[in-house]
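Working notes for the structure below.
Keep in mind that this is a model prediction, so the values were computed, not measured. Whatever order the structure lists ligands and atoms in, that order sets their numbers, starting from 1.
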Amino acid sequence: MLDGTFSLTDHDGNAVTQASYRGRFMLIYFGFTHCRKVCPRSLACMTAALDALGDAAGRIVPLYITVDPERDTPEVMKSFLEENFPRFTGLTGSREAIDRAKASFRVFTRKGPDPEDAEGYAVPHTAFAYLLGPDGTYLTHFMDTADPAKMAGGLRDMLAKSAATA
Ligand code: NI
């Protein structure tokens, strides 16, 4: 079981934790805005899965936590997400706060050279999507973040389960 906790800054500059979204599910993905393939594919998959849920998607807050806070300031994350994946709110913070969030979700990264940008770097990362419940507790994670229909099905199941026990 993951702790699933974080204490970060959202892309509008507000201090947030998992408790800030109480009452709604949280769909959380870790990545970085310079990511060329994995993040765009996963963020597109999650967007399509949420689209497929229709109104029920309103019960879920999609969050994108950076593993590259040195480049991903709130402003950078906001403009990247508003332009490309507007359902998502970006979260960033100090290196220490990001490292604590990563440890809490057992997210791993390994910073290395970016083959397409000699001046830059890449941060390959765990590509799971984590689901926290309306009370902020960790519920499950999706290992496959490239299949929107499968993810939509999984999310629907979790929403139905929660409605049944509420
Ligand atoms: Ni990525």
Side-chain angles (χ1 to χ4, degrees), residues 2-14 16-18 20-21 25-53 57 60-132 138-155 158:
L2 300 180
D3 291 338
T5 59
F6 56 85
S7 182
L8 297 167
T9 302
D10 76 12
H11 70 201
D12 291 312
N14 305 301
V16 293
T17 71
Q18 71 286 346
S20 306
Y21 304 99
F25 290 79
M26 285 158 266
L27 182 65
I28 298 177
Y29 186 84
F30 288 75
F32 64 112
T33 64
H34 285 67
C35 188
R36 296 179 193 283
K37 292 203 179 104
V38 177
C39 285
R41 185 178 61 205
S42 296
L43 291 165
C45 170
M46 291 184 279
T47 295
L50 292 165
D51 289 347
L53 293 181
I60 303 173
V61 184
L63 299 172
Y64 181 51
I65 301 181
T66 187
V67 296
D68 184 18
E70 290 77 14
R71 290 187 296 192
D72 286 338
T73 61
E75 296 74 21
V76 166
M77 297 197 84
K78 183 170 182 163
S79 75
F80 169 76
L81 291 170
E82 281 185 350
E83 188 171 331
N84 301 290
F85 304 102
R87 281 185 177 276
F88 281 80
T89 297
L91 304 185
T92 186
S94 66
R95 169 48 65 188
E96 293 69 29
I98 291 295
D99 285 345
R100 278 196 299 274
K102 284 167 57 186
S104 174
F105 286 85
R106 292 190 213 132
V107 163
F108 296 96
T109 60
R110 184 191 296 176
K111 189 170 168 178
D114 182 342
E116 293 178 51
D117 176 10
E119 309 283 299
Y121 56 86
V123 197
H125 55 85
T126 305
F128 298 164
Y130 303 88
L131 188 69
L132 305 188
Y138 165 80
L139 295 177
T140 189
H141 63 274
F142 301 92
M143 286 188 274
D144 184 348
T145 49
D147 183 340
K150 197 167 159 187
M151 186 179 291
L155 289 171
M158 295 306 297

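Near-neighbour remark for the Ni ion (ligand 1): protein N, O or S atoms under 2.8 Å are C35 SG, C39 SG, H125 NE2; waters not counted.
For the residue pair T33/D72, the side-chain donor-acceptor check at 3.5 Å is satisfied. Looking only at atom types and distance, the side chain of T5 has a donor-acceptor partner in the side chain of S104 under 3.5 Å away.
Comment: K111 does not engage D68 in a salt bridge, judged by the lack of any side-chain N to carboxylate O separation of less than 4.0 angstrom. Salt bridge annotation for K78-D10: absent, with no cationic side-chain nitrogen under 4.0 angstrom from a carboxylate oxygen.
Judged as a side-chain contact (heavy atoms from CB on, under 4.5 Å), and not counting sequence neighbours, the contacts of A97 are L8, S94, R100.
Remark: R71 qualifies as a cation-pi partner of Y121 under the 6.0 Å distance and 45° angle criteria applied to the six-membered ring.
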